[in-house]
Each structure stands twice: as C-alpha cells, then as structure tokens.
Novice: 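Have a look at the structure that comes next, please.
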Amino acid sequence: MTRTPVNVTVTGAAGQIGYALLFRIASGHLLGADVPVKLRLLEIPQGLKAAEGTAMELDDCAFPLLRGIDISDDPNVAFDGANVALLVGARPRTKGMERGDLLEANGGIFKPQGKAINDHAADDIKVLVVGNPANTNALIAQAAAPDVPRERFTAMTRLDHNRALSQLSKKTGAPVSEIRKLTIWGNHSATQYPDIFHAEVAGKNAAEAVNDQAWLADDFIPTVAKRGAAIIEARGASSAASAANAAIDHVHTWVNGTADGDWTSMGIPSDGSYGVPEGLISSFPVTIKDGAYEIVQGLEINDFSRERIDASVKELSEEREAVRGLGLL
Ligand SMILES: NC(=O)C1=CN([C@@H]2O[C@H](COP(=O)(O)OP(=O)(O)OC[C@H]3O[C@@H](n4cnc5c(N)ncnc54)[C@H](O)[C@@H]3O)[C@@H](O)[C@H]2O)C=CC1
Ligand SMILES: O=C([O-])CC(=O)C(=O)O
C-alpha cells in the first residue's frame with residue numbers, strides 16, 4: 001500500500017541535535033518503519049549551507065522512506081503542510097545574558113514560528129519544542145497560534161524521563177524495560193522533579209524497592225535534574241544524541257501510544273490538574289491512545305513530592321509572567 005508521506009519540519013536542522021535527529025527520522029524511527037516522510041528543514045541564513053551538507057548526506061543514505069528534503073530560512077515555507085514540527089533551533093544563553101534577555105531572544109524565534117504554524121501547518125499538526133527554555137518557548141509558540149488546538153504544543157521532558165529511568169535501573173539492578181510509571185513533573189530545568197513514588201520496578205513500588213531516602217533526595221533527584229550541566233562539563237558541548245533520541249521517543253509515543261500499564265512524561269498545557277495553574281506548559285505523567293494524551297489522574301502526592309512540584313511550577317509561573325511582561329503572550 002502506498003501511503004502519503006508525512007511532512008516533518010525540523011528547525012535548527014544544522015545544529016548538533018539536528019545532525020543526530022534527521023537520520024533517525026529518515027530511517028523510520030520517528031513514525032514507524034512503514035511511514036514515508038518528507039523533511040522540511042528550517043535554518044537561519046548562516047545555517048543554510050551546513051543544512052544543505054546534511055541533506056546531501058541524507059541523500060547518500062538512500063533511505064527508502066525519505067521522499068524529499070526541502071530547506072528554507074522562511075518559517076512560512078518550512079511549516080507549510082507540516083504534520084509534525086520539531087522546534088529545536090533556539091537562542092542559547094551566552095555570557096552575561098539575564099534570563100529575561102534569553103526569553104526575549106527566544107520570543108523573537110518562537111513567536112514567528114508559532115504564527116507560521118498557525119497559518120500554514122496541516123490540520124493534524126503536532127509540535128514538540130526542544131529548544132530551551134523549552135516549556136516557555138512552547139507557550140510563546142502556542143500563544144501565536146490561536147487557531148491550532150492548544151494541546152498540540154508540547155515541550156520535551158522525555159530526556160529527563162529517560163535519564164531518570166537509567167539512574168533507577170543502575171540503583172536497583174533491574175533493566176530499564178522492567179521500570180514503569182516514572183514521572184517528571186514541572187519544568188525542563190534544574191527545578192524539575194523526577195518522581196519515583198508511583199513508579200514500579202519489576203512490579204514492585206520503586207520507592208519501597210529502593211528504600212533509601214538519602215539516595216533519593218541527595219543523589220537521584222540532583223543527578224537527573226542537573227544532568228544537562230554534567231554533560232556540558234564532561235563533553236564540552238550540550239547533550240545532542242540523547243536529546244535527539246528523546247525527541248524521537250516523545251513523538252513516537254505521542255503517535256503510537258503508551259504501553260498498557262505504563263505512562264510517560266511530557267510537557268503539556270496544564271488543565272489545572274495537581275494544582276498546576278491552568279495553561280502553564282508543565283511536565284505531567286500521561287497516557288496516550290490514538291494520538292491523544294491524557295494526564296494520569298488520582299495519584300496521591302506526598303509532602304516530599306508536593307514541595308518539589310510546587311517549586312518547579314513556581315519557576316514556570318515566573319517565566320510565564322516574564323514573557324507576558326515582554327508582550328509575548
Ligand atoms: N528539552 C531538552 O531536553 C533539551 C533541549 N536542548 C536545547 O536544544 C536546543 C538546540 O540544541 P543544539 O542542537 O545542541 O544547538 P546548536 O547550537 O548546535 O544548534 C542550534 C541550531 O539552531 C539554528 N537556529 C537558531 N535560530 C534559529 C531559527 N530562528 N530558526 C531556525 N534555526 C535556528 C542555529 O543556526 C543552529 O544551527 C538548545 O536550545 C538546547 O539548549 C538540548 C538538549 C536537551
Ligand atoms: O542545558 C542544555 O542546554 C541542554 C539540556 O537542556 C539538557 O541536556 O537537558
């Protein structure tokens with residue numbers, strides 16, 4: 001059966017995450033081994049030549065599922081007909097830059113991209129924001145796209161989720177495949193809260209299996225929350241292949257669903273669940289079926305978790321206020 005190719009737009013295509021991401025999209029890991037894709041690459045003018053080089057390499061792989069590559073520096077062209085948009089390109093924080101400056105610089109990227117998505121993307125568009133500060137960049141893009149259902153704008157906390165799985169696996173000796181129901185709450189930042197109180201390791205409650213409060217508070221949580229900085233320190237560059245892998249996981253799960261008896265973590269617009277103010281793009285535990293996600297309801301939140309969720313959500317509220325103050329919402 002011939003299928004219509006799915007248009008996948010990737011911004012920041014010439015960057016290091018782009019380089020780790022595009023080959024996996026083209027080889028079928030994003031959407032499935034039977035789904036042809038067309039890539040639409042968006043770069044700034046200085047990045048176009050490098051994007052063209054990457055496109056040449058993509059050609060040279062002769063991927064059977066890759067049905068075309070377009071490159072542009074115009075968001076209105078790159079998002080035209082997009083079914084999936086991976087917003088990776090962002091303005092990194094540079095020396096002496098305050099958080100407000102960073103938010104403003106990113107507003108200049110994510111607002112026009114949100115508008116271009118609003119005006120040109122396909123009706124079924126799904127957006128994942130990877131570029132930092134991811135949650136608030138997603139909010140900016142969403143605000144500029146009033147005609148797109150707001151739940152289509154998501155932010156990536158799957159890398160944090162995967163990091164937490166791996167740390168818990170090392171601690172317990174159980175393979176990652178035996179760990180379920182882990183949650184990242186809040187912001188993709190050092191305030192995020194990786195929660196193991198509802199997680200299961202080989203069918204047993206993870207917090208009880210670990211039974212080590214000091215490890216949880218002083219090792220696990222800071223290791224996961226500060227892993228991005230640790231990678232920069234070790235590698236001399238921020239996470240790239242693991243971030244690309246998480247972006248693939250995020251979209252693959254969004255399209256194909258969560259496994260029975262498990263959930264994943266995604267930055268999504270809050271509906272007010274768990275005391276997270278409505279509209280903030282915060283990470284929650286979600287189950288997904290038929291391309292639609294739902295926040296897992298009814299989890300009991302203990303005092304230890306409540307304090308940490310509240311701290312991360314407070315940071316998200318402050319970021320929202322800051323971009324409101326800049327007229328970006
Ligand atoms: N949410 C998450 O878990 C993670 C997020 N990140 C973030 O992802 C972003 C990208 O990381 P890298 O690929 O390592 O950065 P990079 O600097 O290697 O590449 C970024 C690319 O984006 C391009 N770009 C800048 N503005 C653009 C615009 N307006 N339109 C299109 N392209 C544009 C640049 O030319 C560059 O090629 C960063 O903001 C980084 O902090 C990184 C790791 C994990
Ligand atoms: O800090 C960064 O730029 C990279 C990042 O988000 C991460 O590795 O989690």
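These numbers come from a predicted model, not from an experiment. Whatever order the structure lists them in is the order used to number ligands and atoms, beginning at 1.
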Novice: Can you see whether His188 engages Asn135 through a side-chain donor-acceptor pair at a distance of less than 3.5 angstrom?
Specialist: no
Novice: Which residues pass the salt bridge (Lys or Arg N to Asp or Glu O under 4.0 Å) test with Lys181, sequence neighbours left out?
Specialist: Glu200
Novice: Could you list the residues that satisfy salt bridge (Lys or Arg N to Asp or Glu O under 4.0 Å) with Lys115, not counting sequence neighbours?
Specialist: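 With neighbours one apart ignored, the set is Asp119.
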Novice: Can you find a heavy atom in the side chain of Leu48 that is under 4.5 Å from one in the side chain of Leu41?
Specialist: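 No, too far: nothing below the 4.5 Å cut-off.
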Novice: For ligand 1, list the protein residues that place a heavy atom within a distance below 4.0 Å of one of its atoms, sorted by chain and number.
Specialist: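 Residues Gly12, Ala14, Gly15, Gln16, Ile17, Leu42, Glu43, Ile44, Val88, Gly89, Ala90, Ile109, Gln113, Val130, Gly131, Asn132, Met156, Leu159, His188, Ser238, Ser239, Ala243 each place a heavy atom under 4.0 Å from ligand 1, listed by chain and number.
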Novice: Flag the pair Leu30 / His252 as yes when at least one side-chain heavy-atom distance between them is below 4.5 Å, and no otherwise.
Specialist: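 They are not in side-chain contact.
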Novice: Quick one: does Trp254's side chain get under 4.5 Å of Met266's, heavy atoms only?
Specialist: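 Heavy-atom side-chain distance check passes, below 4.5 Å.
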Novice: Carefully, step by step, assess Glu278 and Arg150 under the rule salt bridge (charged side-chain N to carboxylate O under 4.0 Å, His left out).
Specialist: CA-CA 12 Å; Glu278 213 260 331; Arg150 67 176 201 160; 3.0 Å; yes
Novice: With a 4.5 Å heavy-atom cut-off, do Glu151 and Tyr293 have their side chains touching?
Specialist: yes
Novice: Identify all pairs of nitrogen or oxygen atoms, one from ligand 2 and one from the protein, separated by less than 3.5 Å, and list them with distances.
Specialist:
residue, atom, partner, partner atom, Å
ligand 2, 6 (O), Asn132, ND2, 2.8
ligand 2, 6 (O), His188, NE2, 2.7
ligand 2, 8 (O), Arg163, NH2, 2.8
ligand 2, 8 (O), Ser239, OG, 2.5
ligand 2, 9 (O), Arg163, NH1, 2.9
ligand 2, 9 (O), Arg163, NH2, 3.4
ligand 2, 9 (O), His188, NE2, 3.2

Novice: Would you call the rings of His198 and Trp263 parallel, tilted or perpendicular if under 30° counts as parallel and over 60° as perpendicular?
Specialist: tilted
